[in-house]
Amino acid sequence: MATGLPHDNVMPFNDPDKPKKQQIAEMFDRIARGYDVTNRVLSAGIDVKWRKKAILQLKKDMPRQILDVATGTGDMAIISYQLLKPEKITGIDISEQMLKLGRKKIEKEGLTSVIELQTGDSETINFADNSFDAVTVAFGVRNFEELESGLKEMFRVLKPGGKLIVLEFSRPRIKIFRTLYNLYMSIVAPEVARWFSQNKKAYQYLNQSAKLFPERQSFVDILNSTGYSNTSFKPLSAGICCIYIGEKLVP
């Protein structure tokens with residue numbers, strides 16, 4: 001069934017018999033094994049710097065309980081602990097294979113007592129209202145089956161005074177950077193993924209969904225409409241991606 005935003009209807013495999021959520025889970029299960037290496041190569045490691053900058057938006061708040069949505073292999077959760085030292089980080093994701101690899105990384109880091117990864121859906125988060133001081137999502141909101149439903153669920157589980165941090169790709173505004181970005185995302189990234197025995201179609205989907213994603217002020221407007229306050233965005237690396245911030249006000 002078509003949903004309200006154009007990117008919601010971009011599917012990894014264009015299979016009309018499977019909902020987007022199922023296709024996303026299957027896609028990430030298929031590419032899980034080489035996902036981290038491929039990401040580091042495709043971004044030349046800059047994605048780690050982006051994650052750190054996003055997490056540091058929470059530094060002055062010092063959240064004690066953090067939820068990381070679409071946690072994947074747990075990079076955002078691990079870096080959050082390294083930078084913020086909260087009491088507990090819970091990561092949720094719909095891909096079992098990504099979670100399996102994430103748990104191994106967390107065990108290797110000796111962080112199993114503070115980071116827990118669970119199977120979970122962004123649109124039906126299995127926690128009570130007002131459970132977390134902060135919610136983070138890195139490169140995951142464009143994969144939600146219904147973006148607004150996911151944003152409302154994250155708002156629900158945030159404590160009053162809590163903050164949402166979203167990291168997501170965006171299209172550069174300067175023409176030369178935009179041209180290079182489009183070339184890289186449409187041709188280079190899928191081919192590099194293929195070299196690493198990854199699913200080329202998966203990376204083509206990631207490009208297509210990024211093109212249609214409501215970015216910058218458009219995304220901020222959606223944050224506002226789903227209940228968030230004090231919203232803003234910060235472009236990074238010539239606008240290749242943005243940090244989005246929203247708060248749940250104290251009544």
>> Ring centres under 6.0 Å, that's the criterion: do F219 and F233 meet it?
In response: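 No, the ring centres sit 6.0 Å or more apart.
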> Taking the six-membered ring for Trp, is the centroid-to-centroid distance between F155 and Y228 below 6.0 Å?
Replying inline: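 For F155 and Y228, the ring centres are under 6.0 Å apart.
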Nearest 0.5 Å, what's the [atom1]-[atom2] distance between [X] and [Y]?
{"X": "K52", "Y": "Q57", "atom1": "NZ", "atom2": "CD", "answer": "15.0 Å"}
{"X": "L164", "Y": "L223", "atom1": "CG", "atom2": "CG", "answer": "6.5 Å"}
{"X": "L67", "Y": "T136", "atom1": "CG", "atom2": "OG1", "answer": "7.0 Å"}
{"X": "I125", "Y": "S131", "atom1": "CD1", "atom2": "OG", "answer": "9.5 Å"}
{"X": "L151", "Y": "N224", "atom1": "CG", "atom2": "CG", "answer": "11.0 Å"}
{"X": "F127", "Y": "R156", "atom1": "CZ", "atom2": "CZ", "answer": "10.0 Å"}

Say whether, by atom type as modelled, one donor and one acceptor occur between the side chain of [X] and the main chain of [Y] under 3.5 angstrom.
{"X": "R64", "Y": "K85", "result": "yes"}
{"X": "S237", "Y": "I240", "result": "no"}
{"X": "N130", "Y": "V157", "result": "no"}
{"X": "K105", "Y": "T73", "result": "yes"}
{"X": "D93", "Y": "L99", "result": "no"}
{"X": "E123", "Y": "E146", "result": "yes"}
{"X": "R171", "Y": "G239", "result": "no"}
{"X": "K59", "Y": "L83", "result": "yes"}
{"X": "D61", "Y": "P63", "result": "no"}
{"X": "E145", "Y": "K20", "result": "yes"}

Is any side-chain heavy atom of [X] less than 4.5 Å from a side-chain heavy atom of [Y]?
{"X": "D68", "Y": "I92", "value": "no"}
{"X": "D36", "Y": "D75", "value": "yes"}
{"X": "P214", "Y": "L147", "value": "yes"}
{"X": "K159", "Y": "K248", "value": "no"}
{"X": "V114", "Y": "K88", "value": "no"}
{"X": "E153", "Y": "F144", "value": "no"}
{"X": "E168", "Y": "E215", "value": "no"}
{"X": "F28", "Y": "N143", "value": "yes"}

Does one hydrophobic cluster hold both [X] and [Y], with members joined at side-chain heavy-atom distances below 4.5 Å?
{"X": "L101", "Y": "I24", "result": "no"}
{"X": "I46", "Y": "I78", "result": "yes"}
{"X": "L111", "Y": "M76", "result": "yes"}
{"X": "L249", "Y": "I222", "result": "no"}
{"X": "Y81", "Y": "V48", "result": "yes"}

>> Pair D133, I66 - check side chain to side chain contact (heavy atoms under 4.5 Å, CB included), show working.
In response: CA-CA 6 Å; D133 302 299; I66 298 176; 5.9 Å; no
What is the minimum heavy-atom distance between [X] and [Y], and which atoms define it?
{"X": "S122", "Y": "V69", "value": "CB-CG1, 3.7 Å"}
{"X": "E148", "Y": "T226", "value": "O-CG2, 4.0 Å"}
{"X": "V250", "Y": "G161", "value": "CG2-N, 3.7 Å"}
{"X": "Q82", "Y": "E109", "value": "NE2-OE1, 4.1 Å"}
{"X": "I89", "Y": "A77", "value": "CD1-O, 3.2 Å"}
{"X": "P235", "Y": "R216", "value": "CG-NH1, 4.0 Å"}

>> What verdict does the side chain to side chain contact (heavy atoms under 4.5 Å, CB included) test give for I243 and V166, after you've listed the backbone C-alpha separation in whole Å, the side-chain angles of each residue and the deciding distance to 0.1 Å?
In response: CA-CA 6 Å; I243 299 170; V166 173; over 6 Å; no
> Can you find a side-chain donor-acceptor pair between E96 and T119 that sits under 3.5 Å?
Replying inline: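 Their side chains do contain a donor-acceptor pair, which is all the 3.5 Å distance test asks for.
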> Quick one: side chain to side chain donor-acceptor pair (under 3.5 Å) partners of K53, sequence neighbours excluded?
Replying inline: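 Here no residue qualifies.
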For atom [atom1] of [X], decide whether the heavy atoms of other residues, nucleotides or ligands shown that lie under 6.0 angstrom number more than 12.
{"X": "E107", "atom1": "CD", "answer": "no"}
{"X": "D129", "atom1": "CG", "answer": "yes"}
{"X": "K21", "atom1": "NZ", "answer": "yes"}

> Given R30 and M27, is the side chain to side chain contact (heavy atoms under 4.5 Å, CB included) satisfied, shown in steps?
Replying inline: CA-CA 5 Å; R30 293 180 190 182; M27 178 188 77; 5.9 Å; no
> Is there a side chain to side chain contact (heavy atoms under 4.5 Å, CB included) between T90 and F132 once you walk through the steps?
Replying inline: CA-CA 10 Å; T90 303; F132 297 95; 4.2 Å; yes
> Got a sec, which pairs hit salt bridge (Lys or Arg N to Asp or Glu O under 4.0 Å) with one end in residues 222-234, sequence neighbours left out?
Replying inline: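 Output for this query is empty, none listed.
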> Once the angle between the rings of W50 and F139 is folded into 0 to 90°, is it parallel (under 30°), tilted (30 to 60°) or perpendicular (over 60°)?
Replying inline: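 Plane angle between 30° and 60°, so tilted.
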>> Does K18 form a salt bridge (Lys or Arg N to Asp or Glu O under 4.0 Å) with E26? I'd like the steps, not just the answer.
In response: CA-CA 10 Å; K18 294 180 180 179; E26 290 179 3; 3.0 Å; yes
